[in-house]
Amino acid sequence: MKRNARFNYILCIYLAGIVFFTLFRIAETVAYCATTDGPDDFGGLYWKALWIGFRFDTTVSTYILALPLLLVIIGEMAHIKKRWYYAIGHNLAMVLYTVAFFACAADIPYFCYFFSRLDASALDLTNSFGMAVSMIVHEPMYIVYFFVFLVVSVGWWLLGRLIFRRVLMANIDERLPYGWSIPLAIVLLVVGFIGMRGRVAKKSPIRVGTAYFCSNPFLNQIGLNPLFTFLKSIEDAGKSANKQIELIDLETAQAVLDEQRALPEDNTMPEASLRLPEGMNVVLVLMESMSRDKTGLYDAANSLTPCLDSLMRRSMTFSEAWSAGIHTHNGIYSTLYGHPAIMARQMIKNTPIPNMCGLPQRLRDAGYHTYYFMTHDELYDNMQGFLYGNGFERVIGEHSYPKNEVIGTWGVPDHVMFDHVLEHIDSIAAKGPFLATVMTCSDHGPYIVPDGIDFKAKHDDDKLKRIVEYADWSIGRFVRMAERKVWFKNTLFVFIADHGSSLNPVYDLTLAYNHVPLLFFAPNQIEPRMVERLAMQIDVAPTILGLLGIDAGDRMLGINLLNHNRKYALFSADDRIGVVDGELFYLYRSKQDKASLYRYQERDTTDLIKQYPERAEAMRRYGFGLTQMAQEMLINKTTSCDAL
């Protein structure tokens, strides 16, 4: 052991840091339970939260110990014995751990007050030094936690000094043979790199969403390390895509939202009085890249989706529906939570995770079980964390399927996922009404059509068309199998794309990327018909709730398509905003600060913005106003059900 002194020293400092982090986490649990009506029984899941906490603490520790580890490895190879040499790395580690412990101590009152781990918003308090001092003086608990931090810091430095002297310096003359020290150094470097990533999986490093593993909001957050969330939120805020937008003044933006909410109900619409039986189940399928241009809605003779086309003839189909953005995260966010895309911002990857009062939470409040299914890694794009934090009680993805069924980058093929969806629904249907949200993925490169299945492509020589045909076949197979289930007659099926594809480009915002099909399918409940009114993804959740007779509240920005008529549809492609009114297409390019107006139905590229300035201004006002209000509600945290 003495010959391993340098490496033992690193291990001892690491283990000591983990113990201190864990004690802070337990203290935070006690403080939370003592100051709130939080649950005393965590259903046996608290130990899993502590395990997740260990992973986050390890990530923070490996960053802190990166330089000391390098110095120790060099010192071992060169047989350096100078005290000052090792003191550099030691003191740096002690200081950084002290900073981390300060974050842990500050996080306890912060979490108990905001029910959110420490993040960049805490810096808002420093905008008024006097206000911050006043809060500390008038709230004794802040003094208590600061005193706790001081006591912990003193203990930490004393323990660190003991480890430095007795483990490292007392045995500094000893060294391992190169045959042992070199392999050991390589192993430590590899372990350190894995520790920094927080995961062995190559698809994504550890994220805030990694901590979210169940439907209990406290357990989902207690595993996080506050220094990690603080630094991650600062990093996210610094990304250009996450910069706050300033498209239009807030007064005008609020007026736009007020005007939309004041739209009178149109009881002359055929669907206006449509209501489904109480407690009807919902299966919402988000179809990867299913542009309207791939279906019979665009070209019946050359359609790639015979199954979906057949389903449209049995459904209430909106032929003029538009996705919020051009990314899957846009589709998930807008469809489920009724908010438009905010330019290039990736809302589901935000730190902290926003609290959204959308379809999952409204249905849970009404007694529904809420499940989300995907084909791939649940942590990709922070999906698991965002979904667990926003109304879903179970998220099922790649790690829930047998390994032999995973065949590529995007996990299991669509039809395999649908088989598992049916199995899970069979088990939960008897427990009460449910929401099952299903995200397909096969129509996303790299494209893999599985072998050994009863699927025959018409375009076997064109992989792009072939994969669309497979995705369509999977949907048709899923519906046919669902029709045999006892819960089928009591289920509303909704199909919409997460976004479209770059097909038939005419403008520099390819409309096929946002023009998508939208189907509401419930045999013997919803009369099949083609609806040619404008629809947006943000309308899906309010419309489903309207069909079920459940109040949607005012936290979503969409409308109920059953009894309201849209004048405009809004969508975006990162740095561009598009608005259509059924005839004209308004396109704003933020990087160039340039707008155009086109007759998109005729695929005309003549810019008409000077010819129709009033119509262009009205469309600009709507698109900018709704987007600006979506950001404003997030800033003011008026998107959650708690704000109702």
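The analysis underlying the following values was restricted to heavy atoms, covering all of them including side chains, and did not include hydrogens, waters or symmetry mates.
With sequence neighbours excluded, the residues that form a salt bridge (charged side-chain N to carboxylate O under 4.0 Å, His left out) with Asp460 are Arg466. Under the side-chain contact (heavy atoms from CB on, under 4.5 Å) criterion, Asn390 pairs with Tyr337, Ile353, Asn355, Met356, Phe386, sequence neighbours left out. Checked against salt bridge (charged side-chain N to carboxylate O under 4.0 Å, His left out), Asp414 has no partners two or more places apart in sequence or in another chain. With sequence neighbours left out, the salt bridge (charged side-chain N to carboxylate O under 4.0 Å, His left out) criterion links Arg364 to no other residue. Annotation: side-chain contact (heavy atoms from CB on, under 4.5 Å) contacts of Pro528 (sequence neighbours excluded): none. When the salt bridge (charged side-chain N to carboxylate O under 4.0 Å, His left out) test is applied to Asp309, no partner is found at least two apart in sequence or on another chain. Every residue meeting the side-chain contact (heavy atoms from CB on, under 4.5 Å) condition with Leu545, not counting sequence neighbours, appears here in chain and number order: Leu359, Arg362, Leu363, Ile550, Ala552, Met556. Partners of Tyr507 according to the side-chain contact (heavy atoms from CB on, under 4.5 Å) rule, which considers only residues two or more places apart in sequence or in another chain, are Leu511, Phe585, Tyr598, Tyr600, Thr605.
Screening Asn382, Asp377, Asp381 for a side chain to side chain contact (heavy atoms under 4.5 Å, CB included) involving Leu379 leaves a single residue, Asp377. When each of Ile475, Ile496, Asp498, Val438 is checked for a side chain to side chain contact (heavy atoms under 4.5 Å, CB included) with Met287, only Ile475 meets the rule. Thr370 pairs in a side chain to side chain contact (heavy atoms under 4.5 Å, CB included) with only one of the listed residues (Gln361, Arg394, Glu393), which is Glu393.
For residues 560-572, every residue pair satisfying the salt bridge (Lys or Arg N to Asp or Glu O under 4.0 Å) rule, not counting sequence neighbours, is listed here: Asp539-Arg566. Applying the salt bridge (Lys or Arg N to Asp or Glu O under 4.0 Å) definition to pairs two or more places apart or across chains, those involving residues 468-480 are Asp419-Arg477. Evaluation of the ring-ring contact (aromatic ring centres under 6.0 Å, His included) test over residues 541-570, restricted to residues two or more places apart or in two chains, returns Tyr568-Tyr622.
Taking all atoms of both residues into account, the shortest heavy-atom contact from Met316 to Ile526 is CB-CG2, 3.6 Å. Counting all heavy atoms, side chain and backbone alike, Tyr388 lies closest to Tyr212 at CD1-O, 3.3 Å. When all heavy atoms of Met374 and Leu387 are compared, the closest pair comes out as CE-CD1, 4.2 Å.
Distance check: Thr328 OG1 to Glu288 CD gives 4.0 Å after rounding to the nearest 0.5 Å.
Side-chain atoms of Asp266 and Asn563, non-hydrogen and from C-beta on, never get closer than 4.5 Å to each other. Side-chain contact between Pro505 and Tyr513 is absent, with no heavy atoms from C-beta onward closer than 4.5 Å. Using a 4.5 Å heavy-atom threshold, the side chains of Leu503 and Thr510 count as separate.
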Side-chain polar contacts of residues 421-431 - donor-acceptor pairs under 3.5 angstrom, sequence neighbours left out - could you list them?
from	atom 1	to	atom 2	distance (Å)
His424	ND1	His420	O	2.9
Asp426	OD1	Trp487	NE1	2.9
Asp426	OD2	Lys485	NZ	2.8
Ser427	OG	His424	O	2.6

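Checked by atom type, the side-chain pair His515/Tyr298 shows no donor-acceptor distance below 3.5 Å.
A salt bridge does not link Arg313 with Glu527: every distance from a Lys NZ or Arg NE/NH1/NH2 to an Asp or Glu carboxylate oxygen is 4.0 Å or more.
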